[in-house]
Amino acid sequence: MTGCQRDADGVENIIELFTCGHSYMRNGVHYISYRETEVTGLEGATTLLKVYADYVILIRTGRVEQRQEFRTGKCCSSSYITPYGTMKMGVRTKYLTITRCVETDLVRGVDIEYELEIDGQWQSSNKLAVIVQGDKKNGH
């Protein structure tokens, strides 16, 4: 997983994370879940990506509570709940691509570009790339 955040001054912050997680399909929806680490600053939280045909929902639980919807061309609002308080977030998705395995239809990757607002104020331009790899050790 790679995340890139560019602020108003053009400063980019890039985080790359390799982690074990779970990936499965249920009722036509692909689920990708993993535990956050101190690298992301969200240690103690679990992230779940629900990947539909043309949009993605990100849900974080644990240390923080968050739900973001990524729908191309739309602005979706949500709350971001932390131990220090709650913020209103807005996400305007500029670009979303979902890559699937031809044989199994399972999600192999998700690329999202979006603008982030907090409490109505623009914060950053963001890119999120998730690549799902099988467990080669166990033959997957």
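Residues: numbered from 1 along the sequence shown. From a predicted model like this one, the values you see are computed outputs, not experimental measurements. As a basis for the values below, the full set of heavy atoms in this structure was taken, side chains included, without hydrogen atoms, waters or symmetry mates.
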### Message
Do Met25 and Ile98 sit in one hydrophobic cluster, given that two such residues count as connected whenever their side-chain heavy atoms are within less than 4.5 Å of each other, even indirectly?
### Response
no
### Message
Is it the case that the side chains of Gln68 and Ser78 hold a donor-acceptor pair, with the cut-off being a distance below 3.5 Å and no angle test?
### Response
no
### Message
Using the rule given for side-chain contact (heavy atoms from CB on, under 4.5 Å), can you reason through Leu128 versus Asp111, listing the C-alpha separation, both sets of side-chain angles and the distance that settles it, and then say yes or no?
### Response
CA-CA 6 Å; Leu128 175 64; Asp111 287 299; over 6 Å; no
#### Entry: Gap separating the CZ atom of Arg35 from the OG1 atom of Thr46, nearest 0.5 angstrom
4.5 Å
### Task
Output the distance between atom OG (Ser33) and atom CD1 (Ile59), rounded to the nearest 0.5 Å.
11.0 Å
### Query
Near Arg100 CZ, under 6.0 Å, is it more than 12 heavy atoms from other residues, nucleotides or ligands?
yes
### Task
Determine, step by step, whether Met89 and Gln66 satisfy the side-chain contact (heavy atoms from CB on, under 4.5 Å) criterion, reporting the C-alpha distance in whole Å, the side-chain angles of both residues, the deciding distance to 0.1 Å, and the verdict.
CA-CA 9 Å; Met89 296 181 71; Gln66 178 183 16; 3.7 Å; yes
### For Tyr84, all residues meeting ring pair (Phe, Tyr, Trp, His ring centres under 6.0 Å), sequence neighbours excluded
none
### Query
Taking the side chain from Asp9 and the backbone from Val11, do they hold a donor-acceptor pair closer than 3.5 Å?
no
### Task
Answer yes or no: are there more than 12 heavy-atom neighbours, outside Ile131 itself, under 6.0 Å from its atom CD1?
no
### Task
Could you tell me whether a side-chain N or O of Asn126 sits under 3.5 Å from a main-chain N or O of Ser124, the two making a donor and an acceptor?
yes
### Query
Between Val110 and Leu96, is any pair of side-chain heavy atoms under 4.5 Å apart?
yes
### Residue pairs involving residues 68-97 (criterion salt bridge (charged side-chain N to carboxylate O under 4.0 Å, His left out); sequence neighbours excluded)
Arg67-Glu69, Glu69-Arg71, Lys94-Glu115
### Task
Could you check Ile57 against Tyr52 for side-chain contact (heavy atoms from CB on, under 4.5 Å), going step by step and ending with a plain yes or no?
CA-CA 8 Å; Ile57 297 175; Tyr52 294 84; 4.0 Å; yes
### Task
Measure the shortest side-chain to side-chain distance between Lys50 and Val56 over non-hydrogen atoms and say whether it is less than 4.5 angstrom.
no
### Query
Would you call Tyr31 and His22 a side-chain contact if the rule is heavy atoms closer than 4.5 Å?
no
### Message
Within the structure provided, determine whether Tyr80 and Val64 are in side-chain contact (heavy-atom separation under 4.5 Å).
### Response
yes
### Message
Membership question, hydrophobic clusters at under 4.5 Å side-chain separation (ILVMFWY): are Ile81 and Leu116 in the same one?
### Response
no
### Query
Are side-chain heavy atoms of Ile15 and Thr2 found at a separation under 4.5 Å?
no
### Task
Measure the shortest side-chain to side-chain distance between Thr72 and Asp54 over non-hydrogen atoms and say whether it is less than 4.5 angstrom.
no
### Message
For a 4.5 angstrom cut-off between non-hydrogen side-chain atoms, does Ile32 reach Val107?
### Response
yes
### Task
Would you list the pairs meeting ring pair (Phe, Tyr, Trp, His ring centres under 6.0 Å) in which at least one residue belongs to residues 85-125, sequence neighbours left out?
Phe70-Tyr114
### Query
Looking at CZ of Arg60 and CG of Leu48, how far apart are the two atoms once the value is rounded to the nearest 0.5 Å?
11.0 Å
### Message
Looking at Thr104 and Leu106, would you say the former's side chain and the latter's main chain have a donor-acceptor pair under 3.5 Å?
### Response
yes
### Query
Between Ile14 and Phe18, is there a shared hydrophobic cluster once you connect ILVMFWY residues whose side-chain heavy atoms come closer than 4.5 Å?
no
### Message
Using 0.5 Å steps for rounding, measure from the SG atom of Cys4 to the CD atom of Glu12.
### Response
4.0 Å
